[in-house]
Amino acid sequence: MPKFLSISNHLLFWLVILLLAFIPLYPKFPLFNVKGTFVAVRIEDLLIILAVFLWAIRLLISDHIKDFFQDRLNQALLLFFSIGALSLFAGIFLTHTIVFPHLGVLHYFRRLEFMLLLPIVYSVVTTRKRVYISLATLSVTILLVNIYGLGQQYLNWPVISTGNSEFAKGLILYLTPGARINSTFAGHYDLAVFLLMVLVVLSGLFFGLKGWGVKIWSVFLIAFSFMMLVMTAARVSFVAVLVGVIAALLLSGK
């Protein structure tokens, strides 16, 4: 059993590293569509389900399941999921504000799917070496996302969007003059959200990591990502970046 837990821990860590690069970089081609919606199941969904399944098995056969439920972060997530489930139930059966119940369920499970990655990452990125591997993977991913966005704008690289039911079939599109970049994401707002999270993380890391080489690389990624954020023209994200960066600097004592 200890050997299985050790092997599964390493496997889960490398699966997390794969997801860290795959989710932002792989264009949003559908694997198959959900009947009655224009929601599509993609390869990343299957990888996330695999990660959740492996993590759940490890949690169940280990002696740490009690510790899991006592952790404040996990308690906050469980509270959030419980409120979401209660809201979904009320919208379908009590207030009837959810016209299409299957869409409400799909929205709920999509949020559950992505937020469950937080305790998974928290449980496997436990050493300094793994933190460095994660940060290196993230930095390369950020660079490639930004380069692809520039390619869409100036080199006519293809766009895969899920902006409407027709686009969600996986059509290969190209930006028209004045259109906002998506990069490898399903829409310009998705790209903007990714970039604002990146800018908040990099702002804190600039002061947390030592070495001028790392700091110069961080400044380059910050400047590149901010330029791409401007090109998305997602105005709400500018406010979110301002609030997020100020919070990151305050929390890092800067």
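Heavy atoms only: backbone and side chains are in, while hydrogens, waters and symmetry mates are out.
Sorted by first and then second residue, the side chain to side chain donor-acceptor pair (under 3.5 Å) pairs involving residues 198-217 (not counting sequence neighbours) form an empty list.
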Between Leu50 and Leu46, is the side-chain contact (heavy atoms from CB on, under 4.5 Å) condition met? List the steps.
CA-CA 6 Å; Leu50 176 61; Leu46 302 183; over 6 Å; no
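Using a 3.5 Å distance cut-off with no hydrogens or angles, the side chains of Thr232 and Arg180 do not pair a donor with an acceptor. No donor-acceptor contact under 3.5 angstrom links the side chains of Ser183 and Asn146, judged on distance only.
Looking at residues two or more places apart in sequence or on another chain, you find no side-chain contact (heavy atoms from CB on, under 4.5 Å) involving Ile49. By the ring pair (Phe, Tyr, Trp, His ring centres under 6.0 Å) test, Trp14 pairs with no residue at all, sequence neighbours left out.
Shown here is Phe226, whose CZ atom has no more than 12 heavy atoms of other residues, nucleotides or ligands within 6.0 Å.
Relative to the six-membered ring of Phe13, Arg130 meets both conditions, a distance below 6.0 Å and an angle of at most 45° to the axis.
Counting heavy atoms from C-beta outward, Trp55 and Ser8 have side chains that stay 4.5 Å or more apart. You'll find the side chain of Ile43 stays beyond 4.5 Å of the side chain of Phe29, heavy atoms only. Within the 4.5 Å cutoff, the side chain of Ile48 has heavy atoms near those of the Ile23 side chain.
Under the 3.5 Å distance criterion, the side-chain polar atoms of Asp71 are left unmatched by any main-chain donor or acceptor of Phe68.
Salt bridge absent: Asp190 and Lys28 never bring a charged side-chain N and a carboxylate O closer than 4.0 Å.
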